[in-house]
Structures are given as structure tokens and as C-alpha cells.
There are 2 protein chains.
Amino acid sequence: MKYKEAKEELIQAWGNLGYSWGLNKTMAQIHALLMISTKPLSTEDIMEDLNISRGNANMNIRALLDWRIIYRISVPGDRKEYFKSEKDIWALARQVAKERRKRELEPILKVLKSVNEVQADGTDETKELKKVVKDLKNFAEKSDNLLEAFEKSEENWFWSTVVKMFK
Amino acid sequence: MKYKEAKEELIQAWGNLGYSWGLNKTMAQIHALLMISTKPLSTEDIMEDLNISRGNANMNIRALLDWRIIYRISVPGDRKEYFKSEKDIWALARQVAKERRKRELEPILKVLKSVNEVQADGTDETKELKKVVKDLKNFAEKSDNLLEAFEKSEENWFWSTVVKMFK
DNA sequence: ACGAACTTTCAATAAGTATTGAAAGTTTCA
DNA sequence: TGAAACTTTCAATACTTATTGAAAGTTCGT
């Protein structure tokens, strides 16, 4: 397989992976491009390489900055902004976990806590609802704690512990 | 909070949770409805409760069956099909993990393995690409193993191990 | 084999998301 | 301060995905 072909396949695959991690396709593709680039790229570079418009490039670059998985780089004597990605996949995974916990899990926990206060009127429906909410809340809280710990963990330690855990 | 209000909020919240788990909104809402229902529901019941069309209800019920997180129930003397959901959240989480591993992680692993065969032509670009692919493949394989083990694990054992792990 | 009861399909359409590109905004420096 | 170099915004539009509902298909009891 040639470099160009491999590069395109990887950007494509990363686009999909990113999507299932909660990014959107273009975001993930820009990230992939920065991952395999040997030097920081400008908005212009990204536009050309992925064949996307300036607006689109700009928007998605900002989203990636917002997720804190790419960084701004300034080159002395050049007014353009350049970008490079976090290249450590472990750091990337932790960061994504952190953002998703904040964006998805926490709002749901909030709702579960409020729904938990449904009036106990003695009907079966209410009982069932309370039970489901309790179970779900319990699960969500445990997941939240697990993710929080994951965000703070060390790669080598994490995997070796996991290996022991499932042996 | 009244039952009706709580029910609606829960279905809404579950819709969001399900979405971030890779289901779509309606699928997740049907599932939520079945979770809190005290008895199996027919397509008709679901249509009425969620205010959706027959086609939509049918499609999403089938998708849920396909994910194996709801089941068909037949009531003797009644020709309609009824559905009930898996109510154990742990079992649900494991099943979702299983489906997503199959649907998302495995295809990406396949691509990574093929991209890995890029020709080493000695350029920096190729070196960088090979490095990224190697790291990503390594991470994806480890995640795949972790998920596989998770799918087979027991709830109590899992959480108690996790607690120990991050203590 | 017929028709009632039920389920599935699918073309049309609605709703939601992503993308464009030109205009407006900002920064820098001569 | 002026204007070139660059970034951001946003209304218009293209693209994607979800939803509808009527028609076609299936199943079952008589």
C-alpha cells in the first residue's frame, strides 16, 4: 500500500472512530490529519488537504480546541496560526472521556436526581418508575466515578491493572 | 413531581443517554417506555404513548430486537405481538457494549491492520504514519480485549474490582 | 380458500446537521 | 492611520437521517 492511499484510509477510519467517540466526521478527520502530520498545519493547509471550505475548517478547528485535543502553535515571523494535535492516544482518550462525562453523563445524572423525587402514590406504575430510576441512577453514578478515575489514571498502570483484573 | 411528568422527563433523558450509547432517539425512547412499563406493550400502545407513526414504531422496535435489548412476547389468545425490555441495566450495558464492539471497533481494527502495511519508503511522513497506526492499533486492540472481558463479566465482581482498582 | 387481524415496506416528505463562501471583524506593522 | 493578512460569522444551501402513512405482505382461524 502506498503512502497516499494509507493516509486516506486512515483519515477515513479515524473519521468513523471519532464519530463513535462523539466527535463529528470533519472534526475527526482534521484531527487525524494533524495526528499524522510531521509539522503543525495552518487552516489553509487543512482546507486544501481535506478539500473543505474556510468556514468549515475554522468551525471544526475551534471545536477541537474546545475539546482540548489540538493546540494552537504560533510560528515566529508568521502571522498565520498553526495547529498540532495531541499525539498521545492515551491522553486523547482521557480527554475525550473527560469531555463526554461533562457533556453527556452529568446532565443525565441531574435529570435522574430530579426524577427520583416522584411522589410515591402507591400505584404499580410509580413503583416501577422509582425502581428503574434508582437502578439507572446507581449505574450512572458508578460509571461517572469510574470515568473520573480513568481520567486521572496512568496508562501503564491502567492496562496492567486491567490485565490482572480480567485474568 | 407527578408520575406523568417524571415519566416524560425520564423518557427524554433516556433518549439522550441512548443516543450517546449509539442508539437513536426514538429507539431509546421506546426502550425507556418499555423499561418503566409494568406489562409488555404492543406496537399500538407504543405508537399512542410516544405519538409516533406505525412505520416508525415498527422500524425502531425491530432495531431494538436486532440489538437484543427488547424481546417479543406473545400472549395466548391474542394475535398481537407484545414487547418487553431487558430491565437489568447491567445486562443492557453489556449488550450495548457487545453490539458496539461488533459494529464500530471491529471494522476499524480491520482498517488499521491493512493500513499498517504501508510501504516503508524512508520518508518522515511514512514513519509518522506508521507510528500513529501502530499506537492506534495497540490502543484499539487493548480496548477490544477490555470490552470483550466486560461483556462476559459479572456485575458485582466488576464493580468491586473497579473500586479496588481505583482506591 | 377467504377475510380479518396484524406486520412490514417504502416512496414521499419533514426535520436535523453539515458545509459553503462571501462579508464583517480583528490584528499587525509600516 | 491605512491596508494587508488573517480569522470569524452567518444566511443560504446541500446533504443526511428520521418519520409518515398508505399499500402490500403475512398469518391465522373458520
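Only a predicted model underlies this, so the values are computations on that prediction, with no experimental measurement involved. All chains are named by letter (A, B, ...) in the order of the sequence lines, taking the proteins before the strands, and each is independently numbered beginning at 1.
Remark: aromatic rings of A:Phe150 and A:Trp157 are distant, center separation not under 6.0 Å.
Remark: P of C:dT17 and CD1 of A:Ile52 are 20 Å apart, rounded to the nearest angstrom. For the pair A:Ile61 CD1 and D:dT8 C1', the interatomic distance rounds to 12 Å; values are reported in whole Å. Between B:Arg62 atom CZ and C:dC6 atom P there is a gap of 19 Å when expressed in whole angstrom units. The distance from atom CG of A:Asn51 to atom C1' of C:dG21 is 15 Å, rounded to the nearest whole Å. Put simply, CG on B:Asp78 is 10 Å from C1' on C:dA5, counting in whole angstrom units. For the pair A:Leu65 CG and D:dT7 C1', the interatomic distance rounds to 12 Å; values are reported in whole Å. Straight-line distance from the CE atom of B:Met47 to the P atom of C:dT8: 13 Å, rounded to whole Å. Regarding A:Gln29, its CD atom lies at a distance of 8 Å from the P atom of C:dT19, rounded to whole Å.
A:Glu81 comes within 4.0 angstrom of the backbone, heavy atoms only, and of no base.
Between the side chain of B:Arg54 and the base of C:dT7, no donor-acceptor pair of N or O atoms lies under 3.5 Å.
Distances were taken from every side-chain heavy atom of A:Thr43 (C-beta onward) to each of D:dT7, C:dT19, D:dA18; the shortest belongs to D:dT7. If you check D:dA4, C:dA18, C:dT20 against the side chain of A:Asn56, the one that comes closest is C:dT20. Among the nucleotides C:dT19, D:dT8, C:dT7, the one closest to the side chain of B:Asn58 is C:dT7. Set against C:dT28, C:dT8, D:dA18, the side chain of B:Arg72 has C:dT8 as its closest nucleotide.
With salt bridges taken as basic N to acidic carboxylate O contacts below 4.0 Å, one links B:Glu148 and B:Lys152. Taking a cutoff of 4.0 Å between a charged side-chain nitrogen and a carboxylate oxygen, B:Lys102 and B:Glu99 qualify as a salt bridge. The pair A:Asp45-A:Lys39 does not meet the salt-bridge criterion, since no charged nitrogen lies less than 4.0 angstrom from a carboxylate oxygen. Classification of A:Lys131 and A:Asp135 as a salt-bridged pair holds, one side-chain N sitting under 4.0 Å from a carboxylate O.
Residue B:Arg79 places none of its side-chain N or O atoms closer than 4.0 Å to OP1 or OP2 of C:dT7.
Between B:Asn60 and A:Met59, the residue anchored nearer the 5' end of DNA chain D, judged by the nucleotide with its closest heavy atom, is A:Met59.
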